[in-house]
Amino acid sequence: MSPVGGAGTVPETGARETGATARPDGLPLRAGPVSWLLRLRSAVVAAVLLAGTVLLMALTMRLGDIPMSVAQVFGAVVGDGPDHFVVMELRLPRALTGALVGAALALSGAITQAVARNPLASPDILGVTTGASVTVVAVIVAAGSTWGGASGALAQVGVPVAALGGGLAGALAVYLLSWRRGLDGYRLVLVGIGVSAVCTNVKYWLLTIGDVNDSSRAMVWISGSLNGRGWEHVVPVGLALALLIPLTLLGTRSLGALRFSDETVTGLGVRMNLARGLMLLAAVLLAATATASAGPITFVALAAPQIALRLAGTAQPPLLVSALVGAALTTAADLVARTAFNPVELPVGVVTAVLGAPYLIYLLIRVRRKARS
Amino acid sequence: MARPAPSGAVRAVHRRRLLVLGGLCAALAVATVLSITVGAKPVPLGDVWHALTGPTGTENDIVVRSLRLPRTAIGVLAGVALGVAGALMQGHTRNPLADPGLLGVTHGAAFAMVFSVMVLGVGSLYGYIWFGLAGALVASVGVFALGMAGGGGGPTPVTLALAGTAVSSLLYALTSALVLMNEQAMDVFRFWQAGSIAARGGDVAWQVLPFIAVGLVLALVNAPGLNTLSLGEDVARALGQNITLTRTVGVTAITLLSGASVAACGALAFLGLIVPHLTRPLSGPDHRWLLPYSGLAGAVALLLADVIGRVVARPGELEVGVVLALVGAPFFVALVRRRKPVRL
């Protein structure tokens, strides 16, 4: 398996040769056969990020038809004044969806980057988001007036279910098409780009056959939006995170091993293809659930793990810190989306794309510089 | 100055090359006839002839002259342009995955056009073709510069593809932000985005023709220089070639060709990628032959894809952009799987 960045590229994640387990500045936690290393710097960073996310959530919850101060927002959460309903039923679910979706996407990205051994990999190009988009557009268009009667059955499928199914199908297609006597990170990325291109064109075509109102609605969804999100969007992502975070933390050790060469990994006793497959499955499930709740919010999965890596000073993207960075980033982007073009509210995905693309460009240049030196 | 008489082997190569060229011209003729006759309303060949030579206003005459002919003309123009642009791009980047659709050119043109319509109030097609071209130029130069940034020679296929993805998604986000604020723009944009050569009047063909003609001339002028460049920049420099000039002419030709076709037909993915791969085995590495072959094959492929789109989805139509993506993506995946896409 070769690094994705092309001939001779040193993957970002493998830049430091001291393995995380060899560092003395951590506190090993053991419970039977399971051990996990608690690092002090990561813990401090995580605490700061958590506090920051809560504050950002409070700031974005101030905005709406009834403006409130941050103190009022906090008061409404605990108290039962007239603002209690607005905050608890409208604003908090939206803010929570944003934070949880961001966390899920970032965790998914951290795993993908570790498995592909490349800082440029992300579930955005692994077929999850594009597969979900095309299915959701199909469902929204089918539900509309144009095809109404004939495709009623398709229209009955809810948008989140369609997104989950489409995301999993897209990822499966990319996985199967790039599998050839093992999984090559390089091939994975290119096949992902190819599959995305097809999905994108089919999506465009579906947009043309729909009613213009449906198409606009679909367009908002495929840009990634948090508008009108309720508790029904919070719960699935919350459950996915609650279930998959512990499982992926158990896999941290095999992820750590995956950044060495295939021979070394086999020598270390990690069953490589199994470990890789399971971790990728977790990444796909996280990204698909997140996409089902808020649409394809781009670049969070790509940028958050790399930011976390620098904040925590680890050798590869730290899973928990990545998730927290993702939550903070998404919440901040939603805050910008709601205020930048007031009174028009942009979909949050437009903001993350506009902020994320320059970052991807910077990353590309860096990877090439490294490859040269 | 008398040239030495070509040896037998050279003559055989010449004969084979001319034969292929003739074959491609014949294929284009067949595809053109198919594009004019096949459709929602089949038109007999006799009626086509009647419509072309002495129209008397029958229903078939009107269908042929006002719908099928402009559509076919745009198909030929865009097909030639994208085929040549793809071959030029792959030659200049020495990258087998180079394609205007994958490298941000399409989204660059899209953004510039939407911007000109919504923000600057440009109304005519002639107006926004210029914006489309400018957007295509900025995006293509940007993607190449990104691929080159950091040094270390030309961009690798993966960095270039990723740079294209990054630039495209940035431009796409900006475009959708604009479009989402205005439902009317959304209605126009979604049809343009799907990529189609249907329902374009004859005036569209006339308006893009000059851009494509200049692009083709520049491409052919560029061919010998590109041949030398493909020996490596050092060799080309040692042979006394002005590398900057060759690159500039190449990028100008790519921009004119892909920008004009994108402005006229919207996003046609994969055509510029596939066609050079199909024609390169016939032409060999010589761009003086590869470019004309790719142009002709591009036109044939686009017309055939359009005819397929009209036939498979009766009574409706499948946009040609969708047909190209559905046919092109398996090809792309096969290309990626076959071997590591090495540098050309």
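To find a chain, count down the sequence lines: A is the first, B the second, and so on, and within it residues start at 1.
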Chemist: Quick check on the interface: out of Leu174(B), Leu318(B), Leu324(B), who has the most heavy-atom pairs with chain A under 4.5 Å?
Modeler: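 Going by pairs under 4.5 Å, I would pick Leu318(B).
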
Chemist: Out of Leu207(A), Val202(A), Thr352(A), which one racks up the most heavy-atom pairs below 4.5 Å with chain B?
Modeler: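 Among Leu207(A), Val202(A), Thr352(A), the one with the most close pairs to chain B is Leu207(A).
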
Chemist: Would you mind reporting whether Asn201(A) and Leu326(B) have side-chain heavy atoms less than 4.5 Å apart?
Modeler: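 Not touching, per the 4.5 Å side-chain cut-off.
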
Chemist: What pair of heavy atoms forms the shortest contact from Gly194(A) to Ala329(B), and how long is it?
Modeler: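 Closest pair (atom of Gly194(A), atom of Ala329(B), distance): O-CB, 4.2 Å.
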
Chemist: Below 4.5 Å from any heavy atom of chain A, which atoms of Val322(B) appear? Answer side chain, backbone, both or neither.
Modeler: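 Its backbone and side chain both get close to chain A.
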
Chemist: Would you mind checking which part of Leu177(A) comes under 4.5 Å of any heavy atom in chain B, side chain (CB onward), backbone (N, CA, C, O), both or neither?
Modeler: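 Answer is both: backbone and side chain atoms of Leu177(A) are under 4.5 Å from chain B.
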
Chemist: Output a table of donor-acceptor pairs, distance under 3.5 Å, between side-chain atoms of residues 331-340 of chain A and any protein atom two or more places apart or on a different chain; print 'none' if there are none.
Modeler:
| residue | atom | partner | partner atom | Å |
| --- | --- | --- | --- | --- |
| Thr331(A) | OG1 | Ala327(A) | O | 2.6 |
| Asp334(A) | OD1 | Arg94(A) | NH2 | 3.0 |
| Asp334(A) | OD2 | Arg94(A) | NE | 3.3 |
| Asp334(A) | OD2 | Arg94(A) | NH2 | 3.4 |
| Arg338(A) | NH1 | Thr60(A) | O | 3.0 |
| Arg338(A) | NH1 | Thr60(A) | OG1 | 3.2 |
| Arg338(A) | NH2 | Leu63(A) | O | 3.1 |
| Thr339(A) | OG1 | Leu335(A) | O | 2.8 |
| Thr339(A) | OG1 | Val336(A) | O | 3.4 |

Chemist: At a heavy-atom distance under 4.5 Å, which candidate from Thr200(A), Leu355(A), Val198(A) has the highest pair count against chain B?
Modeler: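 Among the listed options, the one with the most contacts to chain B is Val198(A).
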
Chemist: Mind checking the OH-CD1 spacing from Tyr172(B) to Ile222(A)? Nearest 0.5 Å is all I need.
Modeler: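 Rounded to the nearest 0.5 Å, the OH-CD1 separation comes to 4.0 Å.
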
Chemist: Sorted by first residue and then second, give each salt bridge (charged side-chain N to carboxylate O under 4.0 Å, His left out) pair with at least one member in residues 301-311 of chain B; sequence neighbours left out.
Modeler: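 Checked against salt bridge (charged side-chain N to carboxylate O under 4.0 Å, His left out) - neighbours excluded - the pairs reaching residues 301-311 of chain B are Arg71(B)-Asp306(B), Asp306(B)-Arg310(B).
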
Chemist: Return the option, out of Val351(A), Leu302(A), Val350(A), with the maximum number of heavy-atom pairs under 4.5 Å with chain B.
Modeler: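 Option with the greatest count: Val350(A).
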
